[in-house]
Amino acid sequence: MFTKLLYKVFLFIVILPVPQVFPQSKVDNKGGSLSDRRPALPNSSPRTYCNPLNIDYGYTPIPNFTEWGRHRATADPVIVTYKGDYYLFSTNQWGYWWSSDMSNWHFISRLFLKPYHKVYDELCAPAVWVQGDTMFVFGSTYTSNFPIWMSTNPKGNEWKEAVDSFEIGGWDPAFFLDDDGKLYMYNGSSNRYPLYGIEVDRKTFDPKGTRKEMYMLEDWRYGWQRFGEHYDNTFLDPFIEGAWMTKHNGKYYLQYGAPGTEFSGYADGVVVGDHPLGPFTPQSLPFSFKPGGFARGAGHGATFKDPFNKWWHVSTIAISVKNNFERRIGIWPAGFDKDDVMYMNSAFGDYPYYLPGKNGSANDTNRAEAGVFTGWMLLNYNKPVTVSSTLGSYYPNFAVDEDIKTYWSAASGNKGEWISTDLGNIATVRAIQINYADQDVDFLGKTKDVYHQYKLYHSADGKKWTLLVDKSNNKTDVPHEYIELQNPVQTRYLKLENIHMPGGEFALSGLRVFGNGNGSKPDSVKQFVVLRTEKDKRSAWLKWSPVDNAYAYNIYMGIAPDKLYNCVMVYSSNEYYCKTMDKEKPYYFSIEAINENGVSARTKIVRVD
């Protein structure tokens, strides 16, 4: 299903002698005092979440994918709602998750494939759909002997075979049940062949007729469909994969992933038709798109409604450091506008957002906020960092550079290793995200009894420390731990002390602090210029005057002034090469500046023909 690319990475590791941290001491390594009394409480019923999704991702089960280092990996997620709960399936997890609130996910261990299938993949890119009172699951295959499974109690892990072999198979499959009771299947993963669709019998799952071509990429027209990190097509032709079908207002929205799962620009496009098997007309913009920020990529996913009728999209985030298929999962709000244009909102897409409402709560005020950005800003981008030790060239500031591909590593995974981040001034802290990196882990496949333990301190002066969060007795796997504080704190320094790592070194790709900097919002951007070349109208060069009190910018773009649905977050730069446009349409752009205190007003919209 994926582009088969491998690259070599050489890591030169040097262990530096450094002083140790305060193991169980009331004095830290700088002579400051520590207090473990009265830790602040994380919100036991959080109203917010932060991408990447914090679930117990399994490690890749494929040995030759671990030659650069063993690592967590999944992709190609599907979320369906069933009896008021959310069910999440994704590649190679040897099971699935369920949640009642889209915040706390519970893993259910389950093998859907049998020994005679002789594959490493345990449900690669699974198809999941609900038909009546029954949930169905089917995994990617080029063979004809994979079963379709069914359950009326997936929470209880009760499954049986609907059919022991699905004759026509299909890689990256998706099933869609229409309102008239007809069932359709879509599949395809190739840089030579299109997506295919076919009607199947909803009782026997026998195909009705033969597969029809649905859509093939048109990268000659749509710039975002070009292969590569820089949309240049110089290495391979682009891949189309990961079909998903959504119906809205009588129209059919066939979604697909492109141009390659390894890249920041991995996205989901959408074509629209009046029948499940087409013909279809493409929307010019990629529907699900997140090429900037900390966690990049938003391709090969699924669109679903929460129990309160709001749309969401779940899709794949790329890391691609220890292997091209090192990936995570993100969830973003989605929807349809008044003209039935399908969109996904990725602005501040890896900052805290409000969760859906809670089941069983008729007066839950969170329902109105669901899918809305909290306004909690990142407080420690590229701010000063001190650490207990450093392994080789995995430098401390890699933990605060807003790039999930880079990380700081301590020299060990021992209890007492620590990292401290300075916010620069007293700020209002509302949430913290701890993104662990897989440095020297030795796990292969889904592993039980994996957990992290830590203590998080805060200080106003860097000398007297107060315990903020105590997870020293935690027994859960939290690779992208997100802590929403029950009450905000006014503080300047935060210090994370390791108690227990499941394996390898104490390493972080992101120690991210959210809240408000207690200062002024940034000035607006001046002299915003968009240069669209006649040589290739799929591309443009964006430049603007730097804003002195901003650390980042959001660029909004679209094919109408009121439809700026694509957003790119740019850190520490005043230019961006946009190569994602439809060559046959005019485009509209606007930009806003970002700092610890909020967001500036957007600039006047610029049109380029």
Examine the side chains of Thr66 and Tyr59 and answer whether a donor and an acceptor come within less than 3.5 Å of each other.
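There is no such pair (donor and acceptor under 3.5 Å, judged by atom type) between the side chains of Thr66 and Tyr59.
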
With Lys471 as the cation and Tyr454 as the aromatic partner, state whether NZ or CZ is under 6.0 Å from the six-membered ring centre and within 45° of the axis.
no

Kindly indicate whether a cation-pi arrangement holds for Lys495 with Trp465, taking the cut-offs as under 6.0 Å to the six-membered ring centre and within 45° of the axis.
yes

N/O donor-acceptor pair under 3.5 Å between [X] side chain and [Y] backbone:
X: Asp172; Y: Ser189; result: no
X: Glu241; Y: His300; result: no
X: Tyr49; Y: Ile331; result: yes
X: Asp306; Y: Trp312; result: no

Check this for me, if you would: do [X] and [Y] make a salt bridge, where the nitrogen-to-carboxylate-oxygen distance has to be below 4.0 angstrom?
X: Lys446; Y: Glu122; value: no
X: Asp85; Y: Lys155; value: yes
X: Arg72; Y: Asp477; value: yes

Leu355 versus Thr48: any side-chain heavy-atom pair under 4.5 Å?
no

Please tell me if the side chains of Val78 and Trp244 come closer than 4.5 Å, counting only heavy atoms from C-beta onward.
yes

Mind checking whether Phe373 and Phe348 have parallel, tilted or perpendicular rings, split at 30° and 60°?
parallel

Passing option when Tyr96 is tested against Tyr82, Trp105, Phe89, Phe107 for ring-ring contact (aromatic ring centres under 6.0 Å, His included)
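Option passing the ring-ring contact (aromatic ring centres under 6.0 Å, His included) with Tyr96: Phe89.
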
Would you say that more than 12 heavy atoms from the other residues, nucleotides or ligands in this model lie under 6.0 Å from the NE2 of His230, or not?
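Atom NE2 in His230 is not packed in, count stays at 12 or less.
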
